[in-house]
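In what follows, a single structure is set out as structure tokens and then discussed.
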Amino acid sequence: MAKNLPLIRRKEALWGRSIIIQEIRRFFFKEGYLEVDTPLRIPAPAPESHIDAIPSDRWFLHTSPELCMKRMLAAGFERIFQICHCWRDGERGIRHLPEFTMLEWYRVDADYRDLMNDCETLIRAVAQVLGYGSICYHGMEVEIGEPWERLSVSEAFRRYSDMTMAEALEKDMFDEIMVRDIEPRLGLQKPTFIYDYPAERGALARLRKDNPTVAERFELYIGGLELANAFSELTDAGEQRSRFVQEALFRESVNRTTYPLPEKFLDELSDMPPSAGIALGVDRLVMLLLDSSSIDKVVAFTPEEL
Amino acid sequence: MYTVADLRKGLKITLDGDPYIVIAFDFAKPGKGQALYRTKMRNMINGTILDRTYRSGETFEPASLEDRKMQYLYKEDDHYCFMDNQSYEQIHVDENALGDAKNYLIDNLPVDVLLFKGKAIGVDVPNFVNLRVVQTDPWAKGDTSGSDSKPATVETGYVLRVPPFIEEGELITIDTRTGEYSTRVKG
């Protein structure tokens, strides 16, 4: 008998993972997407307040393939997807690995509502291949056949918290309330899209024309598990530059590493047509579909096991 | 000094002057938001449970606890008396600080006593303890009730379920982590 018992026990989950990834690819090929493979090591990750990149020989391991994929949109690629590893320093828990697998897809002439529809059809297709009509996760049965719930962030605060979204932002309690009171209640009966985040929480998202205090951004939750983050892309290069500068200033103010501005991305952004893009955690999707209690059980090796 | 990165189940820290043990821990990061460290902690003196959420950058003082090898001597009213194996110093421990450990205390049992500022706040007993059965009903041969266990009282007064073949006067091993019967001691 081989020594590595934890790995032996993951055999079934790793087969499930492989089937899920095959089906994701099949879905995007059928929809006419080009699979791309952008560099994992880049000189300038997007400056975001709370995402830390891991340095790699003067450059950085990417935290998301977002910037390279958007440069492809700007160059005329209309539908692209990528499944790749991403790195985020310090993120480790039962739902987090500092090195994890991300699925991102981008399409032109679309906004965040179109991506909600994509999520519904993609996840239904993957569940169907596994023979599921609903998703059973941590003792819940989440119905996926009917249209999914769409709930604005401010409505979620009204429904699940005793503070409004504005109060929570003012008191610097937004993240705490989100984690403690809201997230655990999202997507329990059916999956929930929670949308229209405060403008300052979507550094690369377009603001709503009819309400510029919120960004056209959503997150998908199933069984309380955060699966995906999406937005209608900001295409205004000047606006994008000033938001990056703001994020970088914040990072400097809390003594976090600052990154060089991604100049090529900013330069080409003006060529980008109206588009929408989304990042979905593949390990999380596997966890959800295989009803795993920890992200550790759906990867071959965790960092601690290397 | 601990940082949020050190938080894990079982970590003992000082909070508002009291020692706390982390009993549940979760790393959370709501989309694009900051890292949050959610902990559930038990006050090691009065048992109060606290939920606290920390942000990165916060630090903690380790709980200043002392672990001493001692042995159990005797019970007096609602105090239990233990003796330090090295210094022969004797201390008294309140019944409510003992928790389940009091079910297994027999003369000379080696234990670890946890002290905070010189005061005992907990006692760890060995994982397996042998205790004599002082009362249990005899095994009725031909019993067709299908029951595969029966109650038994051991010398400390603790009552647990044992297999039907265990008789009064026999020595049994108990797993103190679960409080359950483990095996019969032959001899």
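Note that the structure is a prediction, hence the values are computed from the model and not measured. Order of the sequence lines fixes the chain letters, A, B, ..., with proteins taken first and strands second; residue numbering starts at 1 for each chain.
- Using a 4.5 Å cut-off between heavy atoms, A:Arg180 touches chain B through backbone and side chain atoms alike.
- Between A:Arg92 and A:Asp296 a salt bridge is recorded (basic side-chain N to carboxylate O distance below 4.0 Å).
- Side-chain atoms of A:Arg113 and A:Tyr195 form no donor-acceptor pair, as typed in the model, at a separation below 3.5 Å.
- Proximity to chain A (any heavy atom under 4.5 Å) is shown, for B:Ala35, by neither the backbone nor the side chain.
- Contact annotation for A:Arg88: neither backbone nor side-chain heavy atoms come within less than 4.5 Å of a heavy atom of chain B.
- Under a 4.0 Å N-O distance rule, the pair B:Lys29/A:Asp175 does not qualify as a salt bridge.
- In terms of heavy-atom pairs under 4.5 Å with chain B, the best-connected choice from A:Asn255, A:Val179, A:Asn229 is A:Val179.
- Heavy atoms closer than 4.5 Å to chain B are found in the side chain of A:Glu48, but not in its backbone.
- Under a 4.0 Å N-O distance rule, the pair B:Glu58/B:Arg55 does not qualify as a salt bridge.
- Between B:Lys69 and B:Asp84 no salt bridge is recorded (no basic side-chain N to carboxylate O distance below 4.0 Å).
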